[in-house]
Peer 1: 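What follows is a single structure, and I will ask about it in a moment.
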Amino acid sequence: MLREPQQTDVAAWMLQNGPVDGVRQAGVGIGRRGVSDIYVNDLLGLGEANLFAIQSELRENPQAGPDALTSLPFFSLCKGFFLPLMGIAPDRLPGLFGLQPPQPLSPENRDALVETFLERELGLSLAEKVGLIFGDPFRGRAASVRHDTLCHILAQMVFLPISKIREQLIKAGDLPSLFALSTVKKKADTPVASAVVVKTLSHLSSTGRRRRTEVLQDLFQQCGRLERYVLAGLILGKVHLNVSGRQDLILKALSFKYGAGLESLTSAAALLDIFGLCDLLEEKGIEGLKEVTLKPLSPIRPALAGSNIPSDLKFPAWFECKYDGLRLMIHKDTDSQGRVLAGAFTRKRNDWLELIKGVHNLVQLLPCRSAILDGELHGTILDRWGAPRPATVYEVHSYLRGESPVPVNLKYVGFDLVYLNGHDLTGLPFRDRRRNLETLLTPLTGMPLPLPVVLSQGSRVENKEQLNRLYEQYRHQGHEGGMVKVESSTYPIAQRTTNWMKRKPEETLDLVLTAAFWSDPTAAGNRPFDSFIIACRSPEGFKEVGTVAGVDAGTSVQVVQTIMSQNLLTGRTVEHRGSRNTSAGVELAPGLVVSVKFEGIVRPDPDRVALRSPRIVRLRVGEIGPYEANSLEDLHQIQLKHGLG
DNA sequence: ACCCTAGTGTC
DNA sequence: CTCGGAT
DNA sequence: ATCCGAGGACACTAGGGT
């Protein structure tokens, strides 16, 4: 795992008990890089990645022994574990890694391999192993390194400009493959310890960007082809193991190891998440499970709406207004001295209590000892004629930051109650939870609080006509739409189920594609393009109004045919920075018209217009030409109609 | 001291 | 947030 | 039917470049 130390007496003395003690004795710069760090690194000859891994480990665990990072070589992990489970096309293996395809494993043997991996002592903690099984070495936390940065690192390693890397990416496939092809080494000359890889990755986010790239580059440099492939895949979150029910396998293994019941583990995993569960078990053992119950001030991930309403919806059903805003779960607890504790958590369980004025006051007044409310933080705003209308989520956001040009009257719209006075209500049918919610909130609705609270509008509908009428009513009030809830359904923590189903307006425009971006050729779906620029007509030609995701494989064929037959390629290439990476593409002459469905128009500044949640619903090839596409004027009309802008 | 970029979380 | 593909 | 990863807009923030 180590490079040759420099032959100095000091270094030899420092290293006599191994690199962990060496770094400890050097005793400087733990967790922070300074001049002395570079000196230590030179002195000990550890290399950036090893030094970083040891420092991270020492920061977390100052008593770490000399063999703290002793573990299975990363190459063995890749070859014996990832390779057989990743399901790479066998014919790619010789070219990518210089390896012959391994024996294909039966599904049972794949499961067995995962089980063995969990059981065997490999120098990795349980939580670390679980992270690897899920292809998430960051264990649910932020990766802190994205696609573009990896391109940058690769470019530096092979002395090529990034543009060349992007070019190769179009042809060669995904970034991990390109990393594999960036060396002739089949495996690391000196084995890289798996623990060094895992510790490096999991602590990467706690250091600066520059250091991150240094450390990663050093790690990649040590690795051979297969190791580079897996490492890049892990960082990008693209390592998907071909095993059924990973979570179940892991829970089973946990059950075996700790002697805990599967049921209690499953519910604990829903409340925490699988990584939180592992950390808890490692820290506190089976005793720790007792603390994992639904209770106030322990945030949970809320239930999510599953889909659109099916045409054969069963009646009667519950139909309620869908408010545009921020999902917020409000918690109340009362301690033994009678002090009230409050919490306000977002979907990702971030605590926003301090950010939202008035939550504490609202919680004080809730007529109960303890509760967990589910609802939406929603706003009302005065339009240009002085009439109130529901604010959009963007307006709520900007108001919370104190940057809204006009005041937004916030209120909390409660729509579910999952906990009340010491009782977990998630197992009750929705209609009972709703009744409890009404009892709890009715005394407070209409009171002039710093953060007013209301019940979500909603009622039982007996048929489609009633549902439609209500829907139109909500839309007329300016709300996002409506939501059907199955009255008999329980509250599915952290799950997207069809217990809740959305209905939103379907607005479409005919727009022109003015650029197409290459997809990853190794990705599923086999489509040449995975996103497009959409544009509308305007006095100054075609005006970009955003980008839109690609179409399905079949439609994609038609797109390509149209581009070819109508000669739409201008010959110019374009780049576009998406939310995850920068992709390369080709400019298109106006010719391809598509119907784009979207949820509204957002306008960051008067000069730019963009669509909210745009997607292509169908091609209009042979139906209308680019000069019949919708115009900027049409977009402005829609904006006015909805009172926006 | 300032501006820009990459990463993150909200929908 | 929405969608398609895989399962 | 369900899950998961692909894609979208927006706006903040810390860290790094200049």
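Chain A is the first sequence line, chain B the second, and so forth, proteins listed ahead of strands; every chain is numbered from 1.
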Peer 1: Expressed in whole Å, how much space separates the C1' atoms belonging to C/dC1 and B/dT8?
Peer 2: 16 Å
Peer 1: Taking only side-chain nitrogens and oxygens of A/Lys504, does any of them come within less than 4.0 Å of OP1 or OP2 of C/dT2?
Peer 2: yes
Peer 1: Answer yes or no: does a side-chain N or O of A/Arg615 lie under 4.0 Å from OP1 or OP2 of D/dG8?
Peer 2: no
Peer 1: Would you tell me if any nitrogen or oxygen in the side chain of A/Ser613 comes within less than 4.0 Å of OP1 or OP2 on C/dC3?
Peer 2: no
Peer 1: Among the candidates C/dG4, D/dT2, B/dT10, find the nucleotide nearest to the side-chain atoms of A/Asp552.
Peer 2: C/dG4
Peer 1: Quick test of your reading of the model: are A/Asp520 and A/Lys238 salt-bridged, counting only N-O distances below 4.0 Å?
Peer 2: yes
Peer 1: I want to check one thing: is the phosphate of B/dG7, taken as OP1 and OP2, less than 4.0 Å away from some side-chain N or O of A/Ser144?
Peer 2: no
Peer 1: Among the candidates B/dG7, D/dA9, B/dT10, find the nucleotide nearest to the side-chain atoms of A/Ala610.
Peer 2: D/dA9
Peer 1: Is A/His576 touching bases, backbone alone, or none of the nucleic acid, heavy atoms closer than 4.0 Å?
Peer 2: sugar-phosphate
Peer 1: Is any side-chain nitrogen or oxygen of A/His240 closer than 4.0 Å to OP1 or OP2 of D/dG5?
Peer 2: yes
Peer 1: Name the closest nucleotide to the A/Lys597 side chain, picking from C/dC3, B/dG7, D/dG8.
Peer 2: C/dC3
Peer 1: Can you tell me how far the NE2 atom of A/His331 sits from the CZ atom of A/Phe345, to the nearest 0.5 Å?
Peer 2: 5.0 Å
Peer 1: Is there a side-chain polar atom (N or O) of A/Thr498 under 4.0 Å from OP1 or OP2 of D/dA1?
Peer 2: no
Peer 1: CG of A/Asn242 versus C1' of C/dA6: gap in Å, rounded?
Peer 2: 11 Å
Peer 1: Take A/Asn350 and A/Arg577, find for each the nucleotide of DNA chain B with the closest heavy atom, and name the residue whose nucleotide sits nearer the 5' end.
Peer 2: A/Arg577
Peer 1: Given C/dG5, B/dC11, D/dA6, identify the nucleotide with an atom nearest to the side chain of A/Ala553.
Peer 2: C/dG5
Peer 1: Counting only side-chain nitrogens and oxygens, does A/Arg209 get under 4.0 Å of the OP1 or OP2 atom of D/dA14?
Peer 2: no
